[in-house]
Amino acid sequence: MSVTDEIKARIDIVSYVQRYVPDLKKSGRNYKACCPFHNENTPSFIVNPERGTWHCFGACAEGGDIFNFAQKINGWDFKEALRELAQQAGVQLRAQTPQQKDADAKLERLRGLLATAADYYHRRLQKPDAQPIRDYLFAERGLQDDTVSAFQLGYAPPVWDFMLNALRGLGYNEAEIVEAGLAVQSDAGRVYDRFRNRLMIPIQDSRGRVVGFGGRALDPADNVKYINSPQTPLFDKSRLLFGLDAARRAIRDSGSAIIVEGYFDVIQAHQAGKENVVAQMGTSMTEAQLRLLAPRLVQRIVLALDSDAAGINATRRSLETARAALERDYAGKLAVDIHILQVPAGKDPDDFLRESPGEWDSLLASARSVADFVIELETAHLTPSSSLQEKQAVAQPLLPILQASEKDLLRKDNMQKLARRLRIRESDLLAWATTIAPPSPPLPPAPSELPPDYFADEFAAPPPELDQPATGIRARSDPLRAAEGYCLSLLLRNPHLLAQVNRKLRELAGDDERLQSGPLRDLGADDFSSSRYRALMSHLQESLRQDDLEPLDFLARQIDAELHAELDGLLREEPAWLAQSLRGNFQVDLNDILKSRRFGPGYDLLNELISRALQLRQARLTNERVDMQYLQEEAQTDREPAQLLDDRLAIEVKLSVLAKARIDLAIGG
């Protein structure tokens with residue numbers, strides 16, 4: 001039995017979910033409650049103990065197994081979920097190599113060192129000589145004792161060896177203190193404290209572990225207002241968002257994140273109860289920071305950067321980062337809505353929140369779309385007499401941002417706004433856009449007709465869900481699991497084709513946004529039943545959002561030994577055993593496989609992959625409809641407001657049936 005199978009066998013999914021969803025109650029064959037991931041009054045979140053799965057039939061439209069739930073509720077990746085659940089289940093993970101053990105032990109020691117330093121700085125703030133700093137925090141910054149403690153603010157006295165001496169006394173050596181970024185070694189070999197006479201702000205990773213510090217100068221004569229920790233094995237400011245550990249739950253619950261510029265913007269916001277606020281680390285948002293939020297936690301991001309020239313430039317750079325991320329997104333779109341908030345009267349969010357905390361929500365409601373913001377910002381210097389060349393010089397940098405959407409109506413609206421502002425014809429704008437990047441070929445129309453009797457016998461029994469203990473696809477006889485393995489192996493060998501699979505799904509959805517965001521949304525981890533397949537698919541998608549390494553090289557660096565063995569099994573070339581494994585509705589024509597470029601001419605890899613991916617979506621939709629049927633039956637026996645759930649489920653069922661019909665037509669089912 002594999003590690004993931006053993007964990008599932010030892011931890012009852014109902015009991016685990018009930019830790020976070022205490023209202024989860026038995027309802028027929030399932031357990032039901034209001035979804036913990038979004039606000040709702042009528043329960044649409046179910047747990048199926050027989051299959052060991054959960055699903056939200058409300059706004060989330062997500063589901064999975066115990067690993068997916070642990071990841072989503074705690075903000076973990078698969079590796080973290082595997083480690084934590086294995087510990088709870090008493091399951092021993094695979095032994096690490098001596099090198100891995102040494103590396104992990106070194107990182108843990110550095111984490112302990114930094115946590116100790118944060119505690120020392122915080123306790124030093126309570127000493128009599130730190131009274132002026134406390135006065136600054138309480139009187140000038142308006143902070144409260146609880147806030148200072150929650151963010152563990154501290155004080156580095158104006159001496160050269162305060163932290164060095166403290167940590168040496170605990171058994172840490174100078175090399176470790178330097179590597180953690182708390183000390184500096186001069187060319188002459190002298191080691192001394194990096195932070196002196198500064199207000200200390202611990203910086204934590206998304207799991208709440210101290211990884212570095214920001215130090216604010218206390219001497220007005222100090223030329224450098226803020227000093228951050230240097231790059232270390234634990235601290236990379238381009239991959240951190242200040243306050244994310246404290247803001248995660250509020251961000252997830254609200255569905256939006258507010259990104260500000262400074263530490264005190266975040267601290268002041270949290271003190272005012274606005275806990276979905278985080279700060280970028282640096283002069284602009286990076287793609288890695290964007291990916292910490294979207295699409296896992298939020299669908300909406302508001303950039304609330306300072307209104308001065310530096311803040312506006314930072315906003316420009318952040319928007320360019322988002323646009324570049326969009327271009328590299330293999331799904332063809334960035335699943336996040338970005339708005340811009342300009343704090344009035346040249347204030348920063350910290351000032352505004354101290355002076356007018358009750359007006360913050362109204363200010364947020366006034367946040368502007370990216371298109372409105374950049375059009376006004378970049379065209380402000382133009383006059384009615386500006387030349388066509390001047391207008392073109394303004395328009396061409398804007399066009400990639402304004403067209404960064406798959407929604408035709410939104411793109412068209414953005415182009416019309418810019419055309420009106422420039423007082424030129426929209427056709428001229430489109431011509432300029434063509435010189436920047438050729439448009440994508442038009443999608444063929446989606447099938448629009450259902451077979452006449454398609455709604456009959458809709459709730460046939462779904463394919464069985466098995467989680468075979470063997471690694472790789474070889475020993476899996478279940479046809480659905482074999483089809484999943486085959487599809488994933490094709491994607492792993494040809495990751496660039498995922499964009500084409502998603503394009504096909506959007507083609508089938510046509511202009512129906514309910515299908516685009518529902519049963520015909522992009523292929524993802526939810527289309528796989530195995531925990532390991534889900535994790536590999538998530539890692540594969542992450543690998544396609546970066547451009548430093550080849551996808552498989554990136555993926556191999558991210559996964560643990562459990563997934564490495566699975567990956568190796570999926571990448572084996574064993575066409576012969578597929579004939580036995582892939583049968584029934586998931587049969588693969590071995591003759592076609594043997595005609596592939598690897599075995600011979602004539603093999604259409606893209607069509608093969610699309611066909612297999614659509615079959616996986618068929619199976620997923622069938623399972624979901626069965627669960628919806630049971631929920632409908634239960635809702636029909638209850639009183640109001642269960643009728644609301646029944647009505648919503650009826651719509652979802654019809655959408656699912658429509659999606660399946662289009663898939664059937666696409667693959668000749």
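Quick caveat: nothing in here was measured; it's all calculated off a predicted structure. These numbers come from the heavy atoms of this one structure, side chains and all, not from hydrogens, waters or symmetry mates.
Put simply, the side chain of Phe151 reaches to within 4.5 Å of the side chain of Phe242, judged on heavy atoms. Using a 4.5 Å cut-off on side-chain heavy atoms (C-beta onward), Leu377 and Gln342 make no contact. You'll find the side chain of Tyr172 stays beyond 4.5 Å of the side chain of Leu182, heavy atoms only. The side-chain heavy atoms of Gln88 and Ile11, taken from C-beta on, include a pair separated by under 4.5 Å. Using a 4.5 Å cut-off on side-chain heavy atoms (C-beta onward), Val184 and Tyr192 make contact. Residues Leu552 and Leu540 are not in side-chain contact: their nearest non-hydrogen atoms beyond the backbone lie 4.5 Å or more apart. Proximity of Met200 to Leu153: side-chain heavy atoms (C-beta onward) are nowhere separated by under 4.5 Å. Side chains of Leu110 and Pro233 form a contact here, defined as non-hydrogen atoms less than 4.5 Å apart.
In this view, Thr147 and Gln271 satisfy the side-chain hydrogen bond (donor to acceptor under 3.5 Å, both in side chains) rule, not counting sequence neighbours. Residues forming a salt bridge (Lys or Arg N to Asp or Glu O under 4.0 Å) with Asp553 (at least two apart in sequence, or on another chain): none. Applying the side-chain hydrogen bond (donor to acceptor under 3.5 Å, both in side chains) criterion to Glu84, with sequence neighbours excluded, gives Arg207. Scored by the side-chain contact (heavy atoms from CB on, under 4.5 Å) test, Asp119 finds Arg123, Gln152 as partners (sequence neighbours excluded). Scanning for side-chain hydrogen bond (donor to acceptor under 3.5 Å, both in side chains) contacts around His122 gives an empty result, with sequence neighbours left out. Take Asn173 and apply the side-chain contact (heavy atoms from CB on, under 4.5 Å) test, not counting sequence neighbours, and it matches Ala175, Glu176. In this structure Lys274 satisfies the salt bridge (Lys or Arg N to Asp or Glu O under 4.0 Å) test together with Asp361, sequence neighbours excluded. With sequence neighbours excluded, no residue satisfies side-chain hydrogen bond (donor to acceptor under 3.5 Å, both in side chains) with Arg190. Partners of Arg354 under the side-chain contact (heavy atoms from CB on, under 4.5 Å) rule, at least two apart in sequence or in another chain, are Arg141, Gln268, Asp350, Asp351. When the salt bridge (Lys or Arg N to Asp or Glu O under 4.0 Å) test is applied to Glu275, no partner is found at least two apart in sequence or on another chain. Every residue meeting the salt bridge (Lys or Arg N to Asp or Glu O under 4.0 Å) condition with Asp236, not counting sequence neighbours, appears here in chain and number order: Arg239.
The distance from atom CD of Gln87 to atom CD1 of Ile7, rounded to the nearest 0.5 Å, is 11.0 Å. We find the CG-OG distance between Leu536 and Ser489 to be 11.5 Å, quoted to the nearest 0.5 Å. Of the inter-residue distances, the one linking Leu137 atom CG with Leu143 atom CG reads 5.5 Å to the nearest 0.5 angstrom. Rounded to the nearest 0.5 angstrom, His539 NE2 and Leu555 CG are separated by 6.5 Å. For the atom pair CG (Leu241) and CD (Gln280), the distance works out to 8.5 Å, reported to the nearest 0.5 Å. Atom CD in Gln185 sits 11.5 Å away from atom CD1 in Ile177 (nearest 0.5 Å).
Ring centroid separation for the pair Tyr226 and Tyr263 comes in under the 6.0 Å cut-off.
The pair Arg506-Asp522 meets the salt-bridge criterion, since a charged nitrogen lies less than 4.0 angstrom from a carboxylate oxygen.
A donor-acceptor contact closer than 3.5 angstrom links the side chains of Ser531 and Asp65. A side-chain donor-acceptor contact under 3.5 Å links Arg216 and Tyr136.
Closest of all the heavy-atom pairs between Gln541 and Leu498 is CG-CD2, 4.2 Å. Residues Asn276 and Ala250 share a closest heavy-atom pair of N-CB, 3.8 Å. Shortest non-hydrogen contact noted between Cys56 and His38 is SG-CE1, 3.4 Å.
With hydrogens and angles disregarded, a donor-acceptor distance shorter than 3.5 Å links the side chain of Ser229 to the backbone of Phe213.
Between Tyr120 and Phe162, the angle of the ring planes goes over 60°, which puts this pair in the perpendicular group of the 30/60° scheme. A tilted orientation is assigned to the rings of Trp54 and Phe37, their planes being inclined by 30° to 60°. Note: Phe352 and Trp360 have tilted aromatic rings, judged against thresholds of 30 and 60 degrees for the angle between ring planes.
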Residue pair Ile301, Leu290: steps toward the side-chain contact (heavy atoms from CB on, under 4.5 Å) verdict:
CA-CA 9 Å; Ile301 290 176; Leu290 178 65; 3.6 Å; yes
Run Glu62 and Asp526 through side-chain contact (heavy atoms from CB on, under 4.5 Å) and show every step you take.
CA-CA 7 Å; Glu62 294 186 50; Asp526 288 351; 4.3 Å; yes
Apply side-chain contact (heavy atoms from CB on, under 4.5 Å) to the pair Arg111 and Val210, showing each step before the final yes or no.
CA-CA 7 Å; Arg111 289 191 184 99; Val210 178; over 6 Å; no
Report, one line per pair, each donor and acceptor closer than 3.5 Å where one atom sits in a side chain of residues 363-374; sequence neighbours left out.
{"from": "Ser366", "atom 1": "OG", "to": "Leu363", "atom 2": "O", "distance (Å)": "2.5"}
{"from": "Arg368", "atom 1": "NH1", "to": "Glu376", "atom 2": "OE1", "distance (Å)": "3.2"}
{"from": "Arg368", "atom 1": "NH2", "to": "Glu376", "atom 2": "OE1", "distance (Å)": "2.5"}
{"from": "Ser369", "atom 1": "OG", "to": "Asp372", "atom 2": "N", "distance (Å)": "3.2"}
{"from": "Ser369", "atom 1": "OG", "to": "Asp372", "atom 2": "OD2", "distance (Å)": "3.3"}
{"from": "Asp372", "atom 1": "OD1", "to": "Lys417", "atom 2": "NZ", "distance (Å)": "2.9"}

